[in-house]
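In what follows, every chain begins at residue 1, and chains take the letters A, B, ... in the order their sequences are listed. Predicted model, so just to flag it, every value in this text is computed and none were measured.
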2 protein chains.
Amino acid sequence: MTRTTGSKGENTLKALRVAGINRLYKQGFSGMTLRELAGDVGIQAGSLYNYFSNKQDFLYEILRQVMLDVIGEMEVALDGEDNPRLALLAYVECHVSFHSSRQQEVLVSTTELRSLNPENYKRVTTLRDSYEGRLREILEWGNAEEYWTVIDPQVSSKLILGMMTSVGTWYSAGGRYQISDLVKIYQTMIENLLFNDMAAANLSPAMVS
Amino acid sequence: MTRTTGSKGENTLKALRVAGINRLYKQGFSGMTLRELAGDVGIQAGSLYNYFSNKQDFLYEILRQVMLDVIGEMEVALDGEDNPRLALLAYVECHVSFHSSRQQEVLVSTTELRSLNPENYKRVTTLRDSYEGRLREILEWGNAEEYWTVIDPQVSSKLILGMMTSVGTWYSAGGRYQISDLVKIYQTMIENLLFNDMAAANLSPAMVS
DNA sequence: CCTACCGATCGGTAGG
DNA sequence: CCTACCGATCGGTAGG
């Protein structure tokens with residue numbers, strides 16, 4: 001039985017990705033050394049340059065892939081939703097699931113943004129902005145269809161994203177809750193937030209006196 | 001006019017703290033070099049060792065001070081509150097204010113925990129746990145006095161802290177909102193969360209099927 | 001994918 | 001607070 005995929009080099013590349021995320025999580029970009037990374041996958045430091053052209057490029061490829069993954073999952077989740085409320089619930093489910101199940105990658109991909117050079121930084125934050133923009137669009141969609149009234153969708157989406165993303169900082173896979181429970185908790189919280197007049201009023205810049 | 005405080009050395013120490021937080025925020029612990037830090041305050045690298053015994057110690061002193069500051073402000077904020085609801089509102093106000101006005105320090109003091117050696121890590125996380133424990137105690141206090149019913153104060157406090165802390169990741173001082181507005185928004189959200197039956201029910205592990 | 005090596009730079013120290 | 005310096009180690013390259 002011959003395999004056309006899964007050659008040694010491909011396995012090494014996958015192993016480098018896994019080891020790299022781990023090193024970035026534990027030591028940060030400057031703190032991880034290429035010699036350690038090479039050791040993790042059983043090759044010599046010089047051989048790493050068969051897999052990427054330099055350390056910066058390695059970081060970029062990892063962060064880029066995380067963004068592409070979450071964007072891809074979100075596209076599937078939102079596909080066919082023709083109703084702002086269901087779209088919102090789908091967004092919350094997708095975001096919370098991803099951020100609880102891939103905590104290390106998600107944390108690294110925000111923490112190590114600062115280590116990207118200007119061009120790569122721009123590329124990754126552009127991806128991130130398009131991802132976050134989807135939530136703002138859903139909030140605006142719900143406004144237009146009069147499902148809810150969000151006075152400042154820009155800031156509200158940031159606030160909602162912030163509370164969802166923070167799940168990755170405290171959720172523990174071995175704890176009392178499963179990811180599906182977290183999804184329900186956040187869906188309920190966020191629906192309450194949007195459909196509750198008092199909370200909505202407080203999200204208005206008009207109240208700034 | 002003679003000054004007994006504010007000698008050159010003291011000013012340098014303060015300047016080192018400010019520059020250090022900035023460097024840690026932009027480059028991380030491994031990424032910042034002591035030569036850069038020395039340059040920021042106008043001295044030579046070797047002279048830094050008049051102010052701390054090594055780089056690790058410098059990091060520890062910065063993170064420790066941030067924790068002591070927020071703990072100190074929280075003690076003042078909660079002093080004399082004899083009612084769970086008012087204590088909760090005071091906690092929210094203090095936490096949100098601190099995390100919006102000192103964003104860099106707060107972000108660094110969580111991001112760079114990993115760069116502390118085991119003893120220093122233990123010391124700082126012990127401070128952090130005592131700080132976060134105050135919120136859990138308030139939730140339990142409200143349970144006892146029947147102000148609200150929080151089934152899992154441990155997890156609820158983590159969730160609430162997470163949504164409050166995330167304000168530091170998106171709040172911009174030049175934006176539409178002032179910190180006092182953010183405080184009101186979060187106070188309203190969190191009160192809704194605690195006093196709303198549906199949300200409270202969803203925070204119960206009993207619903208895990 | 002390895003060996004052998006480079007220039008640069010790091011944290012830290014000695015001795016003023 | 002400075003000068004002068006150290007051993008170690010880093011990212012990266014040449015040439016197989």
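With rounding to whole Å, A/Asp57 atom CG is found 15 Å from D/dG11 atom P. Atom CD1 in B/Ile43 sits about 15 Å away from atom C1' in C/dG11, given to the nearest Å. Rounded to whole angstrom, the span from the CG atom of A/Leu59 across to the P atom of D/dG12 amounts to 12 Å. With rounding to whole Å, A/Asn117 atom CG is found 15 Å from D/dG11 atom C1'. Atom CD of B/Gln44 is separated from atom C1' of D/dC2 by 7 Å (rounded to the nearest Å). In this structure, A/Phe29 atom CZ and D/dC10 atom P are separated by 14 Å, rounded to whole Å. The distance between atom CG of A/Leu37 and atom C1' of D/dG12, rounded to the nearest whole Å, is 14 Å. To the nearest angstrom, P of D/dC10 lies 12 Å from OH of A/Tyr49.
Remark: D/dC10 base-pairs with C/dG7. Criterion, Watson-Crick or G-U wobble with two distances under 3.5 Å. Remark: D/dG15 base-pairs with C/dC2. Criterion, Watson-Crick or G-U wobble with two distances under 3.5 Å.
Using modelled atom types, one side-chain atom of B/Gln56 and one backbone atom of B/Asn117 make a donor-acceptor pair closer than 3.5 Å.
Among C/dC2, D/dG12, C/dG11, the nucleotide with an atom closest to any side-chain atom of A/Ser47 is C/dC2. Distances from the side chain of A/Thr33 to the nucleotides C/dC2, D/dG11, D/dT3 place D/dG11 closest. Closest contact between the side chain of B/Lys55 and the listed nucleotides D/dC2, D/dG11, C/dG12 involves C/dG12.
By the 6.0 Å and 45° rule, B/Arg134 does not stack over the aromatic ring of B/Tyr91.
B/Glu105 has a carboxylate O that lies under 4.0 Å from a charged side-chain N of B/Arg17, or vice versa, which qualifies the two as a salt bridge.
Annotation: of the two residues near DNA chain D, B/Asn50 and A/Ala45, the 5′-most nearest-nucleotide partner is B/Asn50. The residue among A/Arg35 and B/Phe52 whose nearest nucleotide of DNA chain C lies closer to the 5′ end is A/Arg35.
When all heavy atoms are compared, the tightest approach of A/Leu139 to A/Ser156 is CD1-CB, 4.0 Å.
Under the 30°/60° scheme for interplanar angles, the aromatic rings of B/His95 and B/Tyr131 are found to lie parallel.
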